[in-house]
**Q** 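Below: one structure in structure tokens.
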Amino acid sequence: MLTGAFHKEMASDIVRLALESETKTHKKKVLEEFVWAVYCNGRKFGYSIRRTKNMSYDETHVMQLLRGVSMGAGVLPCPVHDDQKESSGGVDGEMTFMRARFDRVVGSKDSEAFYMINPDGASGQELSIFFVRVH
């Protein structure tokens, strides 16, 4: 999802991300599914795939930048590679990050949800992420 589109959704103060998998197997846990249809506030935004265990250069770079951040949100420029003049981070050239605490709720073997915990009970933007296996 492009940073600008995500920021537009966040302007509503409530963001609901739903990731749906149509796999018919029950052998895996729901979070182990590989391909997901992504919905944000009820609108389909495309597809997502589960990452491998090995991080890419860009992912390593981001984790190094955020090493000292315990909680917060912002926008990072995408790293520029030595062999490129343009950033490799997509059309808008930046990436939104959010680091927070989440409550995990297991609904069934086919659904899990994560609800962002606001620090000190402060009101503000609310984020929920739902993982659902649809049969």
Side-chain angles (χ1 to χ4, degrees):
M1 177 183 283
L2 296 176
T3 300
F6 188 67
H7 287 198
K8 185 178 177 182
E9 293 297 328
M10 288 184 71
S12 69
D13 289 337
I14 297 176
V15 178
R16 303 281 189 258
L17 294 174
L19 288 91
E20 293 183 355
S21 174
E22 294 183 4
T23 304
K24 296 184 183 350
T25 182
H26 295 288
K27 294 180 182 179
K28 294 190 237 177
K29 295 179 180 179
V30 70
L31 294 181
E32 293 175 345
E33 294 295 347
F34 188 70
V35 178
W36 301 91
V38 178
Y39 296 85
C40 183
N41 291 342
R43 290 186 309 199
K44 189 168 186 176
F45 271 85
Y47 291 90
S48 179
I49 60 169
R50 185 171 170 232
R51 296 283 190 171
T52 61
K53 292 182 181 182
N54 299 327
M55 289 194 296
S56 69
Y57 167 78
D58 291 345
E59 292 165 336
T60 303
H61 176 76
V62 168
M63 294 308 292
Q64 289 173 344
L65 289 174
L66 296 178
R67 185 176 43 214
V69 177
S70 61
M71 189 175 294
V75 178
L76 296 173
C78 287
V80 177
H81 298 282
D82 293 336
D83 59 343
Q84 298 174 329
K85 291 189 177 195
E86 296 295 319
S87 67
S88 63
V91 177
D92 59 359
E94 51 189 32
M95 182 181 66
T96 299
F97 76 88
M98 179 180 302
R99 187 168 266 191
R101 292 187 55 203
F102 287 82
D103 272 337
R104 177 179 174 224
V105 177
V106 177
S108 71
K109 63 182 178 182
D110 294 322
S111 68
E112 288 192 30
F114 294 86
Y115 300 96
M116 186 174 70
I117 301 170
N118 287 323
D120 302 325
S123 63
Q125 294 174 339
E126 185 180 332
L127 174 66
S128 301
I129 305 169
F130 303 94
F131 293 88
V132 180
R133 186 170 24 220
V134 183
H135 302 287

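One is the number of the first residue; the rest follow in order along the sequence. Scope of the values below: all heavy atoms of this structure, side chains included, with no hydrogens, waters or symmetry mates. This is a predicted model, so every value here is computed, not measured.
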**Q** Checking Asn41 now: which residues fulfil side-chain hydrogen bond (donor to acceptor under 3.5 Å, both in side chains) with it, not counting sequence neighbours?
**A**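 For Asn41, the residues satisfying side-chain hydrogen bond (donor to acceptor under 3.5 Å, both in side chains) (neighbours in sequence not counted) are Glu9.
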**Q** With sequence neighbours excluded, tell me which residues meet side-chain hydrogen bond (donor to acceptor under 3.5 Å, both in side chains) with Arg50.
**A**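 Arg50: no side-chain hydrogen bond (donor to acceptor under 3.5 Å, both in side chains) contacts found.
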**Q** Does Ser111 form a side chain to side chain contact (heavy atoms under 4.5 Å, CB included) with Val30? I'd like the steps, not just the answer.
**A** CA-CA 6 Å; Ser111 68; Val30 70; 6.0 Å; no
**Q** Decide yes or no on side chain to side chain contact (heavy atoms under 4.5 Å, CB included) for Leu66 and Phe97, but give the supporting numbers first.
**A** CA-CA 9 Å; Leu66 296 178; Phe97 76 88; 3.6 Å; yes
**Q** State which residues pass side-chain hydrogen bond (donor to acceptor under 3.5 Å, both in side chains) with Lys44; sequence neighbours excluded, sorted by chain then number.
**A**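 side-chain hydrogen bond (donor to acceptor under 3.5 Å, both in side chains) list for Lys44, sorted by chain: Tyr47.
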**Q** Would you say Leu17 and Val132 are hydrophobically clustered, going by side-chain heavy atoms of ILVMFWY under 4.5 Å?
**A**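 The answer is no; the residues belong to distinct hydrophobic clusters.
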**Q** For Arg104, what residues pass the side chain to side chain contact (heavy atoms under 4.5 Å, CB included) criterion, not counting sequence neighbours?
**A**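 Side chain to side chain contact (heavy atoms under 4.5 Å, CB included) check on Arg104 returns Val106, Glu112, Phe114.
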**Q** Can you tell me how far CZ of Arg133 sits from NZ of Lys29, rounded to the nearest 0.5 angstrom?
**A**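 Rounded to the nearest 0.5 Å, the NZ-CZ separation comes to 11.5 Å.
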**Q** Should we count CD of Glu59 as having more than 12 external heavy atoms under 6.0 Å?
**A**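 Counting other residues, nucleotides and ligands, CD of Glu59 exceeds 12 neighbours.
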**Q** Please check if the number of heavy atoms outside Lys28 that lie under 6.0 Å from its NZ is greater than 12.
**A**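 Counting other residues, nucleotides and ligands, NZ of Lys28 exceeds 12 neighbours.
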**Q** Checking Glu20 now: which residues fulfil salt bridge (Lys or Arg N to Asp or Glu O under 4.0 Å) with it, not counting sequence neighbours?
**A**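 Partners of Glu20 by the salt bridge (Lys or Arg N to Asp or Glu O under 4.0 Å) criterion come out as none, since no residue qualifies.
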**Q** Mark yes when over 12 heavy atoms from residues, nucleotides or ligands other than Arg99 sit less than 6.0 Å from its CZ; otherwise mark no.
**A**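 Counting other residues, nucleotides and ligands, CZ of Arg99 exceeds 12 neighbours.
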**Q** Give the intermediate values and the outcome of side chain to side chain contact (heavy atoms under 4.5 Å, CB included) for residues Phe130 and Tyr39.
**A** CA-CA 10 Å; Phe130 303 94; Tyr39 296 85; over 6 Å; no
**Q** Can you tell me how far the CD atom of Glu33 sits from the CD atom of Glu22, to the nearest 0.5 Å?
**A**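 Answer for the CD-CD pair, Glu33 versus Glu22, is 11.0 Å.
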**Q** How far does CG of Leu19 sit from CZ of Phe45, to the nearest 0.5 angstrom?
**A**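 It comes to 12.5 Å.
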**Q** Starting at CG of Leu127, measure out to CD1 of Ile117 and round the result to the nearest 0.5 Å.
**A**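 Answer for the CG-CD1 pair, Leu127 versus Ile117, is 12.0 Å.
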**Q** Could you work out, with side-chain hydrogen bond (donor to acceptor under 3.5 Å, both in side chains) as the rule, every residue matching Ser128, not counting sequence neighbours?
**A**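 Only Arg16 meet the side-chain hydrogen bond (donor to acceptor under 3.5 Å, both in side chains) criterion with Ser128.
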